[in-house]
Amino acid sequence: MPADPAGGVLAYVGIGSNLADPEAQVRRALAQLADLPQSELLACSRLYRTAPVGPQDQPDYVNAAVCLRTGLTAGGLLAALQGVERVHGRVRDGRRWGPRTLDLDILLYGESCIDRPGLRVPHPELANRAFVLVPLADIAPEALVVPGRGRLGELLARCPRAGVA
């Protein structure tokens, strides 16, 4: 059971997989996120099948989003998420938009804006990606403000939903 995250920060995490039984990868990751230290899993979106971004010669993704209340710092949460990715066989080889067993991204960390090597929050492409916004809207109020970008409902209304099922 995770430590009590009372007084923690609400963090939203995007989840994606398109290799090695993606739906099972995402479901296992959800169980592991529920066990993160100093954290409590508050909500999870449904699973979405989405077209890949970038090279199209790869399988479709399964995407979801979760809301955690966490006592971890943003850097601590990132380290924990990367640990879960490694358990799933994720190898970070510098290739962008390629296939992967598991991808966990901090979308939002409270109201923080963070821009340092290896960690940018809000996620820089959040406002442009239906495969992130649609699952996020399942678990977050439309009035949720994405720092520097606007309200979730407005972002979702401007983002084409093609490729998200």
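Everything numeric in this text was worked out from a predicted model, so none of it was measured.
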Query raised in the report: Could you state the interatomic distance from CG (Leu102) to CG (Asn18), rounded to the nearest 0.5 Å?
Result: 10.5 Å
Report task. State the CD1-CG distance between Ile139 and Leu42, to the nearest 0.5 angstrom. Result -> 9.0 Å
Query raised in the report: Can you tell me how far CZ of Arg158 sits from CD of Glu154, rounded to the nearest 0.5 angstrom?
Result: 6.0 Å
Query - Ser17 side chain near Arg100 side chain, heavy-atom distance below 4.5 Å - result: no
Query - Partners passing salt bridge (Lys or Arg N to Asp or Glu O under 4.0 Å) against Arg46 (at least two apart in sequence or in another chain) - result: none
Query raised in the report: Atom CD of Glu85 and atom CG of Leu78: how far apart are they, to the nearest 0.5 Å?
Result: 8.0 Å
Query raised in the report: Do the side chains of Tyr48 and Val62 get nearer than 4.5 Å, heavy atoms only?
Result: no
Report task. Please report the C-alpha distance between Leu107 and Val121 in whole Å, then the side-chain angles of each, then the deciding distance to 0.1 Å, and finally whether the side-chain contact (heavy atoms from CB on, under 4.5 Å) criterion is met. Result -> CA-CA 6 Å; Leu107 304 174; Val121 177; over 6 Å; no
Query raised in the report: With a 3.5 Å cut-off and no angle check, do the side chains of Glu125 and Asn128 form a donor-acceptor pair?
Result: yes
Requested in this report: Return the set of residues passing side-chain hydrogen bond (donor to acceptor under 3.5 Å, both in side chains) with Arg129 (not counting sequence neighbours), or none when no residue passes.
Outcome: none
Report task. For the pair Arg120 and Asp115, find out whether any cationic side-chain nitrogen is under 4.0 Å from an anionic carboxylate oxygen. Result -> yes
Query raised in the report: So, for Ala64 and Val26, which heavy atoms are closest and what is the spacing to 0.1 Å?
Result: CB-CG1, 4.3 Å
Report summary line: Taken to the nearest 0.5 Å, the spacing of Leu155 CG from Leu136 CG works out to 9.0 Å
Report task. Give the C-alpha distance, both sets of side-chain angles, the deciding distance and a yes or no for side-chain contact (heavy atoms from CB on, under 4.5 Å) between Val84 and Leu104. Result -> CA-CA 8 Å; Val84 172; Leu104 300 173; 3.7 Å; yes
Query raised in the report: Short question: side chain of Ser39, backbone of Pro37 - any donor-acceptor pair under 3.5 Å?
Result: yes
Query raised in the report: Counting distance only, does the side-chain N/O of Arg151 pair as donor-acceptor with the main-chain N or O of Ala143 below 3.5 Å?
Result: yes
Query raised in the report: Around Gln82, counting heavy atoms of other residues, nucleotides and ligands shown, do more than 12 lie under 6.0 Å from its CD?
Result: yes
Query - Glu142 atom CD, neighbour heavy-atom count above 12 within 6.0 Å - result: no
**Report entry** Exam field: side chain Thr50 to backbone Phe131, donor-acceptor pair closer than 3.5 Å
**Finding:** no
Query raised in the report: Taking atom types as modelled and ignoring hydrogens, do the side chains of Asp103 and Tyr61 form a donor-acceptor contact shorter than 3.5 angstrom?
Result: no
Query raised in the report: Taking only residues two or more places apart in sequence, or in another chain, which ones meet Ala79 in a side chain to side chain contact (heavy atoms under 4.5 Å, CB included)?
Result: none
Query raised in the report: Can you tell me if Thr101 uses its side chain to pair, donor with acceptor, with the backbone of His88 under 3.5 Å?
Result: yes
Query raised in the report: Leu36 and Val87: same hydrophobic cluster, using ILVMFWY side-chain contacts below 4.5 Å?
Result: no
Requested in this report: Supply the atom-to-atom distance Tyr109 OH to Thr73 OG1, rounded to the nearest 0.5 angstrom.
Outcome: 5.5 Å
Requested in this report: Report yes or no: does Thr70 contribute a side-chain atom to a donor-acceptor pair with the main-chain N or O of Leu72 at less than 3.5 Å?
Outcome: yes
